[in-house]
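See structure below.
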Amino acid sequence: MKLHELKIKHEYLIEVDMGRKTFELRKNDRDYQVGDLIRFIDIKQSNSGNCDCDIYIDKDTLYKITYILKNVEEYGLDKDYCILAIKKLEIR
């Protein structure tokens with residue numbers, strides 16, 4: 001089991017945190033496995049669109065990968081990408 005720290009736009013992190021977005025589309029370059037954990041790094045971009053970003057790391061919230069969809073180019077998913085089904089873990 002690995003812990004992946006992944007950057008995510010603030011608008012998407014809100015949806016993930018509220019439980020409405022239960023998946024992530026990612027480049028499949030980290031050998032993701034079912035059971036791996038994700039810690040998201042919240043990126044708030046400035047209005048200029050440059051990399052003048054406010055970064056927030058929530059060290060107390062983790063997400064578990066529950067399913068990985070990959071290798072389905074016939075459905076439009078590029079071979080270098082995967083869709084990760086994620087579930088928020090309750091840490092006390």
Side-chain angles (χ1 to χ4, degrees):
M1 175 175 54
K2 292 182 188 175
L3 173 63
H4 304 277
E5 291 193 337
L6 304 176
K7 293 179 185 174
I8 187 172
K9 287 185 177 181
H10 182 74
E11 62 194 89
Y12 300 130
L13 182 56
I14 291 170
E15 296 299 316
V16 168
D17 188 56
M18 306 245 342
R20 292 190 292 247
K21 184 174 180 286
T22 58
F23 65 91
E24 270 296 300
L25 173 64
R26 292 288 169 155
K27 187 164 181 120
N28 194 8
D29 59 355
R30 294 178 177 241
D31 189 32
Y32 296 109
Q33 300 293 318
V34 170
D36 284 358
L37 302 177
I38 297 173
R39 175 179 293 131
F40 286 113
I41 300 170
D42 184 4
I43 301 294
K44 286 187 184 179
Q45 285 202 328
S46 67
N47 292 336
S48 66
N50 296 337
C51 203
D52 253 357
C53 303
D54 295 327
I55 298 176
Y56 173 72
I57 302 173
D58 181 356
K59 295 190 182 279
D60 294 327
T61 306
L62 296 176
Y63 298 84
K64 184 176 184 177
I65 298 173
T66 60
Y67 183 83
I68 302 172
L69 180 65
K70 58 184 175 181
N71 300 323
V72 288
E73 290 181 73
E74 65 270 23
Y75 296 123
L77 184 62
D78 186 282
K79 66 179 175 68
D80 295 329
Y81 286 81
C82 62
I83 298 173
L84 307 172
I86 57 174
K87 181 178 180 175
K88 187 175 185 177
L89 297 180
E90 299 298 327
I91 300 174
R92 299 175 200 251

- Residue pair Lys70 / Cys82: nearest heavy atoms and the distance that separates them: CB-CB, 4.0 Å

- Message: Go through it in stages, so that I can follow the logic: the residues are Arg20 and Glu15, the test is salt bridge (charged side-chain N to carboxylate O under 4.0 Å, His left out), and I'd like the CA-CA distance, side-chain angles, deciding distance and then a yes or no.
- Response: CA-CA 5 Å; Arg20 292 190 292 247; Glu15 296 299 316; 2.7 Å; yes

- Reported CG-to-NZ distance for the pair Asp17 and Lys88, which is rounded to 0.5 angstrom: 3.5 Å

- Thr22, Leu84, Val16, Leu89 screened by side chain to side chain contact (heavy atoms under 4.5 Å, CB included) with Tyr63, the one that passes: Val16

- Do Leu6 and Ile65 share a hydrophobic cluster, counting only Ile, Leu, Val, Met, Phe, Trp and Tyr and linking them when any side-chain heavy atoms are less than 4.5 Å apart? yes

- Who passes side-chain hydrogen bond (donor to acceptor under 3.5 Å, both in side chains) against Asp36, sequence neighbours left out? His4

- With sequence neighbours left out, what residues match Leu25 under side chain to side chain contact (heavy atoms under 4.5 Å, CB included)? Leu77, Tyr81, Ile83

- Message: Is there a side-chain contact between Asp42 and Phe40 in this structure, where contact means two heavy atoms from C-beta onward sitting under 4.5 Å apart?
- Response: no

- Query: Can you tell me how far CD1 of Ile38 sits from CZ of Arg26, rounded to the nearest 0.5 angstrom?
  - Reply: 7.0 Å

- Query: Is it true that Met18 and Leu13 fall in one hydrophobic cluster, defined by side-chain heavy atoms closer than 4.5 Å?
  - Reply: no

- Residues passing the side-chain hydrogen bond (donor to acceptor under 3.5 Å, both in side chains) test with Asp31, sequence neighbours excluded, are Gln33

- Message: Distance check, rounded to the nearest 0.5 Å: Glu73 atom CD versus Asp78 atom CG?
- Response: 6.0 Å

- Same cluster or not: are Phe23 and Tyr75 linked, directly or through other Ile, Leu, Val, Met, Phe, Trp or Tyr residues, by side-chain heavy atoms under 4.5 angstrom apart? yes

- Query: Looking at CD1 of Ile14 and NZ of Lys9, how far apart are the two atoms once the value is rounded to the nearest 0.5 Å?
  - Reply: 13.0 Å

- Message: So Lys64 and Leu37, do their side chains get closer than 4.5 Å, heavy atoms only?
- Response: yes

